[in-house]
Amino acid sequence: MSLEGADRPALVVVGTGHHAPTPDALEVLDDVAIVVDHDGTITGVHPRTSDDARTAIERAAEVVRLAPGQRVLPGLVDLHVHAPQWPQLGTGLDLPLERWLFEYTFPLEARYADVAFAESVYSHLVPTLVSHGTTTSVYYSSVHERATELLAEQCLLAGQRAFVGRVAMDHPEGTPDWYRDATATDGVDASARSIEAVRRLAASEGSTLVQPIVTPRFIPACTDDLLRGLGELAVATGVRVQTHCSESDWEHGYVLDRCGVSDTEALAGFGLVRPHAVLAHGDHLGDDDLDTIASIGAGVAHCPLSNAYFANAVFPVRRALARGVHVGLGTDIAGGAHPGLLSQCAMAVTASRMLDDGVDAREDAASRGVAGSRIDTVTAFHLATAGGGDALGLPVGRFEVGQQFDAIVVDVDAARDGLRRWDGIDDEPRLFEKIVRLASAADIVTVWVAGRRVR
Ligand code: GUN
Ligand code: FE
């Protein structure tokens, strides 16, 4: 390759885009050229008619010009997906969490000892999430090492950015004897092997997109020895951590009873609240917990739909953001019954409104809800993109120089189901709101991860 070739842009995307670099700012990038280099990094965002844009367009290996009704937005970062629960998506949400796990979920997850079954599910799951615009997923696998590797393989095949975690769980009461690590040592050893396997696999493909993540299921499913061992494993390997934290009344109360401190303090004591750790749900976090999470630089995966079924409360997004906590969104497949994050954005707005107003009309309006809790679509979309990227410590979610170009194109003019531009009515902020609330997977016509087209 000539020197000239080396600094030619790999890709220039020309058109109009939207992003939400901060929780309360929608930025419209009106008629711009987004310039991307060969490792997927954004090197410029220029007005289309500028000299910089013209030069980049002339020299680029590929130029994509959006149609008038197409908009480019950052790709979606799903902070919380249970990959093996994919076959029960949309079903089985009639039981409380502690029964749902034993009666529906553990029996399904146990089936991933069967490698062919795992492959059939994961080869369907990962491309489906990509088609919904999910450019980064943070996955829980099952306890099975081979199935976990298969999930990582499918992410590499689909070109999705992903964290893939083998689930560790060994508690004799919190798990069934047919689906658990036999001992704490077994759980730590299997997790260590799984980290190595995922790293080896990604390296063999020359990919940095797929990484392992240490994944204790949650305190009720893990003995103290396992939790301590996994905290040490995270330090030794430098791998991120994910787990569930203060999700429901039952789970939050169980940890207080067993550990004598809050879920957050207990996890921190085991070394599991670390920079860029992802704590799922967090609906019952107190202000002290939020302060601990913020000071360590961990984050919360807010899963608004799942929370309506299992959490007994609405996660206080505004309070968490005000205390400096990184917050992103999660589907919590299959505790949440929808595959994409745009629907979670709408749900996050809806849930925040119910928290703000309160829900029991017999209560006095002035004291019915928690005033100051509401968020809008801009904040929700920020959580689903830049918020998730910040939580993970990844340079994704914003169209800015130095960020990776993970992006989607929504074709408004081709949309079939309610999403439409009305001349003289819809300005760009209104169109953004419509996209977030109304776009479906069928309306997402292009997906890039690290500058590479994956759909
Ligand atoms: N807590 C422990 N495991 C799970 C799970 O699979 N889903 C949810 N929502 N909460 C959990
Ligand atoms: Fe979960």
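The analysis underlying the following values was restricted to heavy atoms, covering all of them including side chains, and did not include hydrogens, waters or symmetry mates. Ligands are counted one by one from 1 in listed order, and the atoms in each one are counted from 1 as well.
At a 4.0 Å heavy-atom cut-off, ligand 1 touches Trp100 through the side chain alone. Looking at His281 against ligand 1, only its side chain comes within 4.0 Å, counting heavy atoms.
Comment: Glu109 engages Arg217 in a salt bridge, judged by a side-chain N to carboxylate O separation of less than 4.0 angstrom. Glu27 and Arg398 are not joined by a salt bridge, as no carboxylate oxygen comes within less than 4.0 angstrom of a charged side-chain nitrogen. Salt bridge Arg146/Glu119: absent, no basic N to carboxylate O contact under 4.0 Å.
Looking at heavy atoms from C-beta onward, Val449 lies out of side-chain contact with Val130 at the 4.5 angstrom threshold. A 4.5 Å side-chain heavy-atom check between Gln344 and Pro304 finds at least one atom pair inside the cut-off. Counting only heavy atoms from C-beta outward, the side chains of Leu129 and Pro339 approach each other to under 4.5 Å. Contact annotation: the side chain of Tyr179 never approaches that of Pro107 to less than 4.5 Å [non-hydrogen atoms, C-beta and beyond].
Closest protein heavy atom to atom 9 (N) of ligand 1: Asp332 OD2, 2.8 Å. Counting only heavy atoms of the protein, atom 3 (N) of ligand 1 lies nearest to Arg217 NE, 2.8 Å. Among protein heavy atoms, atom 11 (C) of ligand 1 sits closest to His244 NE2, 3.3 Å.
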Run the side-chain contact (heavy atoms from CB on, under 4.5 Å) test on Val278 and Phe163 for me, step by step, so that the C-alpha distance in whole Å, both residues' side-chain angles and the decisive distance to 0.1 Å come before the verdict.
CA-CA 11 Å; Val278 178; Phe163 292 88; over 6 Å; no
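Any protein N/O/S atom under 2.8 Å from the Fe ion (ligand 2) was counted, giving 4 altogether.
For a threshold of 3.5 Å applied to N or O pairs, the pair formed by Gln85 and ligand 1 contains at least one separation below that value.
Take Ala20 and apply the side chain to side chain contact (heavy atoms under 4.5 Å, CB included) test, not counting sequence neighbours, and it matches Val378, Phe381, His382.
Near Glu247, meaning under 4.0 Å from any of its heavy atoms, are these atoms of ligand 1: 1 (N), 8 (C), 9 (N), 10 (N), 11 (C). Near Leu97, meaning under 4.0 Å from one of its heavy atoms, ligand 1 places the atoms 8 (C), 10 (N), 11 (C).
The minimum heavy-atom distance linking Pro172 with Thr223 is given by the pair CD-CG2, 4.1 Å.
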